[in-house]
S.K.: 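One structure follows; several queries about it will come next.
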Amino acid sequence: MIQVTNLSCGIASSPILKGIAASIPAGRVTALIGPNGAGKSTLLKLIAQQLTANSGSITLDGVEVSEIGARKLAQKMAVVAQHLTVASRVRVQDLIGFGRWPHSQGRLTAEDRAAIDDAIARFGLSALRQRFLDELSGGQRQRAFIAMAFAQDTDWLLLDEPLNNLDLHHARNLMSRLRSLAEDRGKSIVIVVHDLNYAISWSDHVVALKDGQVAFQGPVAETATAANLTDLYETPVAITQSDGRPFAQYHR
Amino acid sequence: MKFLPGSRKVADLAGPDGSRARVRNSVVLAFLLLCLLAVISLFVGANALTISALMNDPQALQVLIISRIPRTAAVLLTGAALAVAGVIMQLLVRNKFVEPGTTGTNEAAMLGMLAATLLAPSMPVFGKMLVASVSALAGTAVFMLLARRIPPERPLLIPLAGLVYGGLLLACATFIAIQTDLLQYLGVWMSGEFSGILAGRYELLWLAGGLALLAYFAADQFTIAGLGRTVSMNLGLRYGQVLAFGIVTVSLVSALVVVTVGMLPFLGLVVPNLVSRIMGDNLRESLPVVAALGAGLLLICDILGRVLRFPYEIPAGTIFGIFGATVFLYLLLGRRSHA
Ligand SMILES: Nc1ncnc2c1ncn2[C@@H]1O[C@H](COP(=O)(O)OP(=O)(O)OP(=O)(O)O)[C@@H](O)[C@H]1O
Ligand SMILES: [Mg+2]
């Protein structure tokens, strides 16, 4: 479980996160939602130790994350950032291979190679494995980075808007893989999503941020209500049932 | 986004093992070519050397040992080390257009050397070298701070800023040199050439070669650092340490080369870019090729410099400058647009 207590963070004197308190359950898919600029990416970066907070604490299974150590943390937690800029020419299979770095430090074992091949196959990258990253489309590149995080095979997987560039086939494919990682292998997934239907139909738990504060959090069934979501986005959201599943209707 | 037809074809045809064998073959081929060039270099120069002379004439052997072997070794070490320094710089700054000549590193090294020559003229070369290295390090660190302020979507601004910054340092150095009558030193450091290399006057370059070799052990770290800070941290890489190690390596190599043979512009820029186009930036695969190509191209330039106006010499740096500037222009203008 990730426990965030009284977390505050600001860049250049303007506060971004103001006293966040949240808990993210282990073994579940948690959706981190909220309007643009709410602080979702900032919270994810703080958890991943890519930013340092002004105050407050973040613990992973009771241990302060800042005390885990870089390599240990990389073995426990993989993160895919929202913006993936690449300036260097690395092949897809080499990038995914680097996902094994925290475990093997560059000396790939048979187990590492199996994890790499598995990640390549799962994300439909077999035909692209010899391509350079700068010769891929935006969605293909994003899949390569997600596959790298998969190959990292950590207990925690944090994805910042992974659906951004994906077509509906790959988006659905990704969500069902994340679901099965949580259900079958007990992994804990945190994903930032803007598409409410993906959020409510695939996740177990929701943490909603607004203006740097937690708007609401808890199990999807209890918290993802029309009233809550309408307030959160200041946009009318209706929840209907379609084939026995909740369906968010907000397009018009 | 446009694709590079050449590299894609290679990628599609070769499976993972096929491409590895191909890489191994090309490395072997490159190594043989390098040996051939080295042998040619041993026998070309103002004093004619032949195999039979070597057998009979002790003086010919002296020429070989005192001049030709050191000169050939110096060229190879310099070419390899500069190319390696260039590719490390490019990965750490995440910009294809930087090298020690466009980051103020060389100029800062000269400034340090000038200061050491002025303030402690009796200091041994090694001590002066150390001062130049520290100065190069400081100069590069300042450049890194500058580069950080430049938005990544304007990649050409970084080398531009570096050139202006280097120009500024050079202007300071020139001013000091004029005031103190040391201008001829500056001239020597600014034009890279090997005609003055003799046994006993180039050995510091082995240090540069050793540093390039040391960098190879951190090849994966540099490749990951080239993917950016976020990815590096996600993989548990000690990004700060890798950055520091890289900058120290680049600064030391630059200082050693500038002081021993002089500046060789474009080498650290052109060689890694050529290799990157074909092989990509996974240093574990490409670093040996980068080093070999740097060494080989510079040796070709040095040999050409010895024969073109025989018995006079054209500095290797001048010849490489013409070649390098042409390739650089091509790389700049033929730049693929990134989507
Ligand atoms: N480097 C920065 N400097 C200053 N302010 C920043 C910086 N990065 C983010 N912010 C501000 O912090 C706030 C939260 O940003 P964050 O990226 O966490 O939002 P987000 O919830 O991920 O939004 P989005 O849905 O658009 O990705 C925003 O108001 C943003 O303007
Ligand atoms: Mg964001």
Side-chain angles (χ1 to χ4, degrees), chain A residues 45 48-51 68-95 97-108 113 116-117 120 127-138 141 145 148-149 151-152 154 158 160, chain B residues 1-5 7-16 18-19 87 90-96 152-153 155 217-241 273 275-286 336-339:
Chain A
K45 285 179 199 162
Q49 294 292 291
Q50 289 168 2
L51 282 178
I68 292 180
R71 185 172 170 196
K72 265 272 160 53
L73 191 64
Q75 291 171 349
K76 283 178 191 267
M77 186 188 282
V79 200
V80 178
Q82 181 175 3
H83 301 288
L84 305 164
T85 49
V86 262
S88 63
R89 282 161 65 75
V90 171
R91 289 185 204 279
V92 169
Q93 65 175 16
D94 292 347
L95 180 81
F98 283 132
R100 300 304 299 172
W101 173 266
H103 307 281
S104 63
Q105 304 282 299
R107 268 181 262 277
L108 296 184
R113 288 186 200 287
I116 295 166
D117 288 339
I120 288 175
L128 304 173
R129 62 185 293 164
Q130 292 280 338
R131 282 267 198 97
F132 290 113
L133 282 182
D134 62 350
E135 294 168 1
L136 296 180
S137 78
R141 191 177 310 153
F145 274 95
M148 170 168 84
Q152 208 171 330
T154 48
L158 278 50
D160 197 346
Chain B
M1 177 183 335
K2 278 185 281 178
F3 294 109
L4 262 187
S7 65
R8 193 149 63 109
K9 202 155 70 203
V10 171
D12 288 347
L13 286 177
S19 71
V87 78
Q90 284 150 29
L91 282 179
L92 295 184
V93 183
R94 304 188 75 198
N95 187 297
K96 289 271 175 222
E153 57 277 6
F217 290 101
D220 277 346
Q221 274 94 332
F222 286 131
T223 310
I224 294 175
L227 292 168
R229 179 175 173 272
T230 316
V231 173
S232 304
M233 293 186 72
N234 173 44
L235 294 177
L237 188 78
R238 290 177 210 284
Y239 186 72
Q241 286 181 15
N273 270 287
V275 176
S276 167
R277 288 241 158 167
I278 298 162
M279 295 186 68
D281 292 326
N282 190 350
L283 285 199
R284 199 200 280 215
E285 265 180 38
S286 70
R336 289 164 306 117
S337 53
H338 287 266

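In what follows, chains carry the letters A, B, and so on, assigned in the order in which the sequence lines appear, proteins first and then strands, with residues in each chain numbered from 1. When reading the values below, keep in mind they use all heavy atoms of this one structure, side chains included, and skip hydrogens, waters and symmetry mates. These numbers come from a predicted model, not from an experiment.
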S.K.: Given side chains that start at C-beta, do those of D94(A) and E285(B) come closer than 4.5 Å, heavy atoms only?
M.R.: yes

S.K.: Please tell me if the side chains of L91(B) and S88(A) come closer than 4.5 Å, counting only heavy atoms from C-beta onward.
M.R.: yes

S.K.: L128(A) versus chain B, heavy atoms under 4.5 Å apart: side chain, backbone, both or neither?
M.R.: neither

S.K.: After noting the C-alpha distance and the side-chain angles of F132(A) and D281(B), does the key distance pass the side chain to side chain contact (heavy atoms under 4.5 Å, CB included) rule?
M.R.: CA-CA 9 Å; F132(A) 290 113; D281(B) 292 326; over 6 Å; no

S.K.: Testing the basics here: between R238(B) and A70(A), what is the closest heavy-atom pair and its distance to 0.1 Å?
M.R.: NH1-CB, 4.5 Å

S.K.: OG1 of T223(B) to CG of L95(A): how many Å apart, nearest 0.5 Å?
M.R.: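 Taking OG1 in T223(B) and CG in L95(A), the distance rounds to 11.5 Å.
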
S.K.: Of the backbone (N, CA, C, O) and the side chain (C-beta and beyond), which part of L235(B) lies under 4.5 Å from a heavy atom of chain A, both, or neither?
M.R.: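 Both parts, backbone and side chain.
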
S.K.: Report which part of M77(A) has an atom under 4.5 Å of a heavy atom belonging to chain B: side chain, backbone, both, or neither.
M.R.: backbone

S.K.: Evaluate N282(B) against F98(A) for side chain to side chain contact (heavy atoms under 4.5 Å, CB included), listing each step before the verdict.
M.R.: CA-CA 11 Å; N282(B) 190 350; F98(A) 283 132; 4.2 Å; yes

S.K.: Does any backbone or side-chain atom of A81(A) lie under 4.5 Å from a heavy atom of chain B? Answer side chain, backbone, both or neither.
M.R.: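 Contact with chain B: side chain only.
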
S.K.: For the atom pair CD (Q152(A)) and CG (N234(B)), what is the distance rounded to the nearest 0.5 Å?
M.R.: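 The distance works out to 4.5 Å.
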
S.K.: Which bit of T85(A) is near chain B, if near means a heavy-atom gap under 4.5 Å: side chain, backbone, both or neither?
M.R.: both

S.K.: At a 4.5 Å cut-off on heavy atoms, which part of Q75(A) comes close to chain B: side chain, backbone, both, or neither?
M.R.: neither

S.K.: Can you give me the closest heavy-atom contact between R91(A) and I278(B), atom names plus distance?
M.R.: NH2-O, 4.3 Å

S.K.: What part of Q50(A) lies closer than 4.5 angstrom to a heavy atom of chain B: side chain, backbone, both or neither?
M.R.: both

S.K.: Of all heavy-atom pairs between R277(B) and R89(A), which one has the smallest distance, and what is that distance?
M.R.: O-NH2, 2.8 Å

